[in-house]
Each structure stands twice: as C-alpha cells, then as structure tokens.
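Data block below; observations after.
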Amino acid sequence: MTLSQLENISKEFGTPFYLMDGEQYLKNINSFKTAFKSKCDLVIGYSFKTNYVPALCKIAKDAGCYAEVVSEMEYALAKRIGFERIIFNGPIKNESVLIEALKDKAVINLDSLYEVDTVLRFREEHTDVPVSVGLRLNIGLTNDSGVSKIQCDLRVGRFGFPKELIGNVISRLRTAGIKIISLHGHTSSSDRAVANYKIIVRQMLEICETYSLDDLRYFDVGGGFFGVAAEGIDTSGKPTYEDYAECIVGECSSNDWFGRVAPSVVIEPGVSVTANVFSYVSKIFQVKEICGQKFLTTDGTVFDVKPTMHSNNLPHVFYTHKASAQTYLANLVGSTCMEKDVILKDIAVPASIAHGDYVRIDGVGAYTIVLSPTFINYLSPIIELKGGKAFLIRRRQNLEDVMSLYNL
Ligand SMILES: Cc1ncc(COP(=O)(O)O)c(C=O)c1O
C-alpha cells in the first residue's frame, strides 16, 4: 500500500474508509479446513455476527461454508446472500422466523423452552412433514483448578439447556417424532485456550451417549478460537488452527459413540478468520499540543476501529507527504466530540506528520463494522483492492439513508 494509492482512493471515495482483503479471508478459511482435513468431516459455519459484509459472506458461501446466524435479521441476510445451508443459533427466535427455518430445513439449535413449544406446535400442525432440530447444551467451563473460563469471568453462562433439563427436552421432542440432528456447545471463553475444547467436547459426548443421540449429524463445538492476527500483533505462544483440530478431533475419535454415529464436526469461526481481513484508513486533520500532550486529530473514529473500546493499540502505519526519521509520542484521536474517542494512545508518530497525511490501522475485521453506529458521522465505505484497482464493497452512508427510517 502506497501513499499515492491512498490518495487515489481518498479522491474517489473520501475518508475515512475500510479496506477489505477478500483473498486473505479465503486463505484463512482454507487454512482452517486444512487443519481438520483427513481428521474428520468438517462443516464451517461462518459466524455472521462477527462481520456480515455481504461480499465477505459470499466468499464463505462459495468456499462451501454454512452461514451461522443468531437473529431474524441475520437469517434473512444469509438467505439474501444465497446461502442454502444455514445454522440458526441465538436466544431469540420469533415464532415466524423459527417456522420459516423449520420449513427451510435449516440446522436450528434451540436455546430455550419457548422455542421447543413452538416446534412442538408446528409438529402438531404438520404431521406429514419430517421435523428435525438441534439443541444448545449449556456448558460448564470450569477447569481442574476450579477456575471458570467463561467470558467475563462468569461462573454460569446463560445459553442453552442445562444438563438437568436437556433429557426432558429430548424426550418431549422424540415423543412428538422430532429428530435431534445437532448438538451445539459454543461457549465464549476469556482465554480461547485449547483445553477448553476438551471440556466442551467431553460434556457434549456425555449427552450424546446418555441419550443415544444416534440421529446426530452435526457435532457443533462453536467458535471462540484464536487464529489470524494483523501483522505486528504478537501471536507467539497462541494456539493455532491445528492445535484446536487435534484437541477436538482427538477427543471425538477416541469415543465409541462418535465412531459409530460419525457426525460432522462443526466449527463456527468468527474473529479467528476475519481479524486480519480489514484495515481502516483516515486522514490527519490537525496536530495539536495542549499542556505538553500531543494529539493527532483524524476524521476517523474509535467507534469504527474498536467499538468495544478495548485498550490495546492496534498495529498502524502512517503515510506522510514529508519523510522524517524523528518521532514523538502522541494520541491519535477521532472525529467525534467525545473525549473517549481515542483510537491509539501514546504511539510514536513521524515528526513530519501534518494535515493531509494518512494513518492505516490494521486488524479491524471482527466486531467493528457490525457494531459501529451512525454516531455523529455517516457510516464509512468499504473498498477492496484487487490487482491494484479499487472496488466499492459498500458506499458511504448519506442523508437519504439516515432519513429513510424516520417520519418527518
Ligand atoms: C454461537 C456463536 N458461534 C460463534 C461465535 C464466534 O465467536 P468468535 O468470533 O469468538 O470465534 C459466537 C460469538 O460469540 C457465537 O455466539
């Protein structure tokens, strides 16, 4: 990426903008496949919530992935993009979309009893149609030392059916002639450790054995993996796709039930395949010094780069019109009038930095575009560079878009 490329894109589409690298995304998906290849039959359900840019999801579809969706909106989006194979998760499934998904024969992982009631009603009204569903199992992710690894240090997660309840749910569904074809064990952890998957897989296998889930076609361990990261992020000592594959398939292949029933192993990667697929470019408008503190003000915003407001400085590159070997420390601050709009803190910037220069921030592919609101600014466009040419993946939002939801 060169300064003149950025200037050309900026002339045509303005700043700030996201850059998408579709080839990198495909590479990531294929690396995950390679890691599991020959070990088991693998299904990848791409986690829409992480980044549902349609052009990105289409790459996943063309690579043979299922869509993994968690809401009515994501379900509709997956169908619009052309996915025929959809895994439907999430705690809220309105009756209408749940029935639509039953008719579509999506892989539906039920999360709560109210969904079971809807499915049973549907069954009563459609006795001639084969009905099958999946169930999400509530996993206890406490290790041998008694430490819970569930995200946010929770001891108890809220998703799925607890072990004490799942037997009753299975029996009600079976009595109604409904097949259980999927078991889902996604559990977001604080450390994304490989050892967590041993716990998840063992708890899932126990349920499969206890209730003889012999119709199971999808053994779905969910997402929550480490994986790719932008250049500049230290990934030494972090698990690889292969480490997860070995652990998950290792646990499964030593189990008799799994050997006999041989379901596909499903993974639902999100951040682990998208993190290094997007960058974000903004323009420097002002260099300021106030009480000895230097600020670079850009037209970008932290709400585009890290809406979750984590405190890590992401990898970044400055593109200046004037070269300089000297640097000084500054905060890169955003365009919204919020003090907390700090994109990078105490970073070394070229001493020559000035109005009209650019900064590119890498590693912004996950939980960014899908979380950034129309807050103060229009939503930024997304550009893909292919063979040196810029393609518009999403245009900048405009006033008509903003007003279209309102009555005036
Ligand atoms: C059900 C489900 N699957 C997959 C994912 C993707 O997780 P990650 O982006 O951590 O891989 C999530 C994220 O929370 C999820 O809730």
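Both counts, for ligands and for their atoms, begin at 1 and track the order of listing. In this text, all values refer to a predicted model and were calculated from it rather than measured experimentally.
Contact atoms of ligand 1 toward E268: 1 (C), 2 (C), 3 (N), 4 (C), 5 (C), 6 (C) (distance under 4.0 Å to a heavy atom of the residue). Counting the atoms of ligand 1 from 1 in the order shown, those under 4.0 Å from a heavy atom of T50 are 9 (O). Interface of Y367 with ligand 1, defined as ligand atoms under 4.0 Å from a residue heavy atom, comprises 6 (C), 7 (O), 8 (P), 9 (O), 13 (C). Shown in contact with V271 at under 4.0 Å from a heavy atom are these atoms of ligand 1, numbered in order with element: 8 (P), 9 (O), 10 (O), 11 (O).
A distance of 10.0 Å separates CD1 in I207 from CG in L135, rounded to the nearest 0.5 Å. Atom CG of N313 and atom CD1 of I233 lie 10.5 Å apart (nearest 0.5 Å).
Residue, atom and distance of the protein heavy atom nearest to atom 5 (C) of ligand 1 are H186 CE1, 3.6 Å. If you check which protein heavy atom lies closest to atom 10 (O) of ligand 1, you get R192 NH1, 2.9 Å.
Listed for the E384 side chain is a donor-acceptor partner under 3.5 Å among the backbone atoms of G22.
Looking at R136 next to ligand 1, no N or O pair under 3.5 Å apart turns up. Geometrically, ligand 1 and K49 share a nitrogen or oxygen pair separated by less than 3.5 Å. Below 3.5 Å of separation, one finds an N or O of G224 facing an N or O of ligand 1.
T240 and D243 form a side-chain donor-acceptor contact under 3.5 Å, judged by distance and modelled atom types alone.
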Apply the test side chain to side chain donor-acceptor pair (under 3.5 Å) to residues D299 and N377: give CA-CA distance (whole Å), side-chain angles for both, the deciding distance (0.1 Å), then the verdict. CA-CA 9 Å; D299 58 358; N377 299 306; over 6 Å; no
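Among G270, G90, S188, G223, the residue whose heavy atom lies nearest to atom 14 (O) of ligand 1 is S188.
Classified by interplanar angle (parallel below 30°, tilted 30° to 60°, perpendicular above 60°), the ring pair H126/F122 is parallel. A tilted orientation is assigned to the rings of F219 and W257, their planes being inclined by 30° to 60°.
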